[in-house]
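Everything on this sheet refers to the single structure shown next.
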Protein chains: 2
Amino acid sequence: MADATSRPGVAAHEVLAAVLQVRARSLRAMLWQRAREPHAGRWSLPGGRLGDHEDVEASIRRQLAEKVDVRQLAHVEQLAVFSAPDRVPGPPRVVATAFLGLVPCDIDPEVPEDTRWFAVDDLPETAFDHGAIVLRARNRLRAKLSYTNLGFALAPKEFTISALRELYSAALGYRVSATNLQRVLSRRGLLEATGRTAPPGPSGGRPAALFRFTGHGMRVTDPFAVLRPPRG
Amino acid sequence: MADATSRPGVAAHEVLAAVLQVRARSLRAMLWQRAREPHAGRWSLPGGRLGDHEDVEASIRRQLAEKVDVRQLAHVEQLAVFSAPDRVPGPPRVVATAFLGLVPCDIDPEVPEDTRWFAVDDLPETAFDHGAIVLRARNRLRAKLSYTNLGFALAPKEFTISALRELYSAALGYRVSATNLQRVLSRRGLLEATGRTAPPGPSGGRPAALFRFTGHGMRVTDPFAVLRPPRG
DNA sequence: ACAAAAGTGTTCCCTCTACACCCATGC
DNA sequence: GCATGGGTGTAGAGGGAACACTTTTGT
């Protein structure tokens with residue numbers, strides 16, 4: 001056991017990403033199936049070892065580029081460090097920095113043969129602690145949909161309000177009212193009408209107006225519910 | 001450069017904590033002065049190398065025990081990973097998991113000779129990226145004071161509303177109204193009257209009632225401002 | 001009586017929800 | 001005309017901010 005990593009304070013460092021996307025009315029995560037032991041056959045998150053000359057965010061973006069075109073990643077943010085000593089059989093011991101990644105619902109990335117999308121609420125048997133990481137990612141997304149403009153990262157460039165409603169409902173896990181969704185996002189200045197409309201379906205109905213998000217970086221739109229600073 | 005840590009994906013891992021406390025109407029962070037190069041003389045965060053048989057949270061609690069009695073730490077939570085390749089001169093390369101730690105304002109921990117408290121808004125020259133970590137900690141605290149019960153971690157066991165007001169004002173950086181603070185926290189069921197009162201000051205005034213927080217783990221009290229699930 | 005500090009009552013405002021109603025299209 | 005889906009108007013509830021007012025003490 002004279003492995004270099006057995007020296008105190010030294011560990012292998014990996015980066016992992018729970019990449020989420022809404023498809024077919026459900027929130028899905030990208031997983032690939034391990035070919036080798038340990039945990040052969042189980043499904044795991046994309047990622048890999050941290051490179052010597054990159055920070056963790058650059059690393060996860062680089063490694064995801066092998067699975068998904070980086071331009072398709074609308075948002076990436078750190079989730080947490082997972083560091084239980086036995087989370088991965090060693091040596092070396094492996095510490096992971098986990099990320100949340102979001103992909104708009106209108107793009108269908110070409111993924112490798114061993115990679116598939118699974119509904120977050122119906123995950124297969126996952127490797128190591130990857131199932132817990134996906135749940136953390138889901139919870140973070142749900143929270144931020146409410147007080148930031150993060151919806152832009154799940155939506156296509158242009159969309160109807162009902163399409164956006166489907167999106168939010170799938171991500172949040174409960175029915176969202178189209179009426180109030182439009183009003184809340186409009187009041188916050190996040191939505192912008194394109195002026196164009198989408199054709200109605202075969203059974204008729206008024207054609208839906210197309211909207212887009214006004215900005216594409218994450219912004220906090222509802223900074224504090226209470227204890228606001230005094231006006232003046 | 002045949003250092004073991006130069007192998008791809010292997011790095012030294014340290015844990016650091018921005019330990020915050022309100023003292024004398026300002027939010028302060030605990031720093032110690034480096035004796036050795038690099039950055040000798042600069043002020044840095046407590047922490048150290050991750051041990052082989054502990055996760056990052058156990059590690060930071062263990063290492064803080066050398067500076068502060070662990071029982072005095074009312075709250076500890078992960079902030080983020082700091083991993084710029086050159087954040088600390090190497091080799092070995094050092095990746096840090098940063099924490100936020102909170103100490104109630106009524107205890108005055110015995111700290112080592114090289115350790116002092118500094119106002120967060122007036123930090124001395126800090127080592128490495130530790131200044132940025134303290135700012136992240138301050139921002140996290142400010143956000144969570146608004147939508148969680150995290151005030152309990154800054155407050156003494158029992159307190160008057162005006163004392164609590166001072167606390168929140170110092171932590172948030174702006175004047176908070178005692179009237180509304182009491183109402184908000186009471187409505188959320190976070191405050192509990194002890195039935196006892198504090199004696200008035202030398203210039204008179206009505207004696208203040210003493211309160212305590214009803215719980216001591218962090219709870220989210222204002223989960224989402226908008227897009228709530230439908231009732232029913 | 002007066003000043004000082006604590007606590008309460010009241011009003012206003014803003015935001016989100018719910019639901020009824022109107023609009024534009026296909027058949 | 002009528003069904004279908006899109007969009008708006010409006011009333012209601014809730015929570016927080018602001019501020020006046022009352023309560024309780026010391027001098």
Side-chain angles (χ1 to χ4, degrees), chain A residues 145-149 151 158-169 172 174-211 220-232, chain B residues 145-149 151 158-169 172 174-211 220-232:
Chain A
L145 277 181
S146 174
Y147 68 91
T148 70
N149 64 341
E158 302 192 351
F159 46 83
T160 65
I161 296 295
S162 21
L164 194 64
R165 188 261 288 263
E166 297 291 341
L167 225 66
Y168 272 76
S169 298
L172 291 171
Y174 53 77
R175 203 114 190 101
V176 171
S177 143
T179 300
N180 295 329
L181 180 62
Q182 176 178 15
R183 252 196 283 255
V184 168
L185 297 183
S186 296
R187 183 162 36 213
R188 295 181 172 179
L190 303 185
L191 284 187
E192 192 172 57
T194 63
R196 293 183 299 109
T197 59
S203 60
R206 175 172 168 175
L210 286 169
F211 292 82
V220 174
T221 56
D222 195 14
F224 5 68
V226 294
L227 304 177
R228 302 183 186 85
R231 310 173 307 186
Chain B
L145 278 180
S146 175
Y147 67 92
T148 71
N149 65 341
E158 301 191 351
F159 47 83
T160 65
I161 297 295
S162 21
L164 195 64
R165 189 260 288 265
E166 298 290 342
L167 225 66
Y168 272 76
S169 298
L172 291 172
Y174 53 78
R175 205 113 190 101
V176 171
S177 142
T179 298
N180 295 327
L181 181 63
Q182 176 177 16
R183 251 197 282 256
V184 167
L185 298 183
S186 295
R187 182 160 34 210
R188 295 182 173 178
L190 303 185
L191 286 187
E192 193 172 57
T194 64
R196 294 183 297 111
T197 58
S203 60
R206 175 171 169 175
L210 285 169
F211 291 83
V220 174
T221 56
D222 194 15
F224 7 66
V226 292
L227 305 177
R228 302 183 186 86
R231 313 174 305 188

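Each chain gets a letter, A, B and so on, in the order its sequence line appears, and its residues count up from 1. Worth knowing before you read on, the calculation uses all heavy atoms, side chains too, and leaves out hydrogens, waters and symmetry mates.
- Once rounded to the nearest 0.5 Å, the distance linking CG of A:L164 with CD of A:E166 reads 10.0 Å.
- Within 4.0 Å (heavy atoms only), A:P202 reaches sugar-phosphate atoms of the nucleic acid but no base atom.
- When distances are taken from the side chain of B:R187 to each of C:dC16, C:dT8, D:dG15, the shortest belongs to D:dG15.
- The separation between A:L181 atom CG and C:dC19 atom C1' is 17 Å, rounded to whole Å.
- Residues A:A178 and A:R165 approach most closely at N-CG, 3.9 Å, considering heavy atoms.
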Protein proximity profile, nucleotides 1-6 of chain D - base contact B, sugar-phosphate-only contact S, no contact -, cut-off 4.0 Å on heavy atoms: ---BBB
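- Dashed line: the shortest gap from a side-chain N or O of A:R183 to OP1 or OP2 of D:dT8 is not under 4.0 Å.
- The distance between atom CG of A:L185 and atom P of C:dT15, rounded to the nearest whole Å, is 14 Å.
- Atom CG of B:L185 and atom CZ of B:R187 lie 10.0 Å apart (nearest 0.5 Å).
- The distance between atom CG of B:L172 and atom P of D:dG16, rounded to the nearest whole Å, is 15 Å.
- Rounded to a whole Å, the CZ atom of A:R175 is 19 Å from the C1' atom of C:dC16.
- Within 3.5 Å, a donor on the side chain of B:T179 pairs with an acceptor on the base of C:dT8, or the reverse.
- Rounded to whole Å, the distance from CD1 on B:I161 to C1' on C:dT8 is 13 Å.
- When all heavy atoms are compared, the tightest approach of A:F211 to A:T194 is C-CG2, 4.0 Å.
- Counting all heavy atoms, side chain and backbone alike, B:R188 lies closest to B:T221 at NH1-OG1, 3.1 Å.
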Output side-chain donor-acceptor pairs under 3.5 Å for residues 196-209 of chain A, partner residues at least two apart or in another chain, one line each.
from	atom 1	to	atom 2	distance (Å)
A:R196	NH2	A:E158	OE1	2.4
A:R196	NH2	A:E158	OE2	3.0

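- One interatomic measurement links the two molecules: CG of B:L210 to C1' of D:dT24, which rounds to 15 Å at whole-angstrom precision.
- A:R196 has its CZ atom 20 Å from the P atom of C:dA24, to the nearest Å.
- In this structure, CG in B:L210 is found 9.5 Å from CD1 in B:I161, a value given to the nearest 0.5 Å.
- Contact annotation: B:Q182 side-chain N/O to C:dA6 OP1/OP2 distance is not under 4.0 Å.
- Closest to the side chain of B:N180, from the set C:dA18, D:dG15, D:dA18, is D:dA18.
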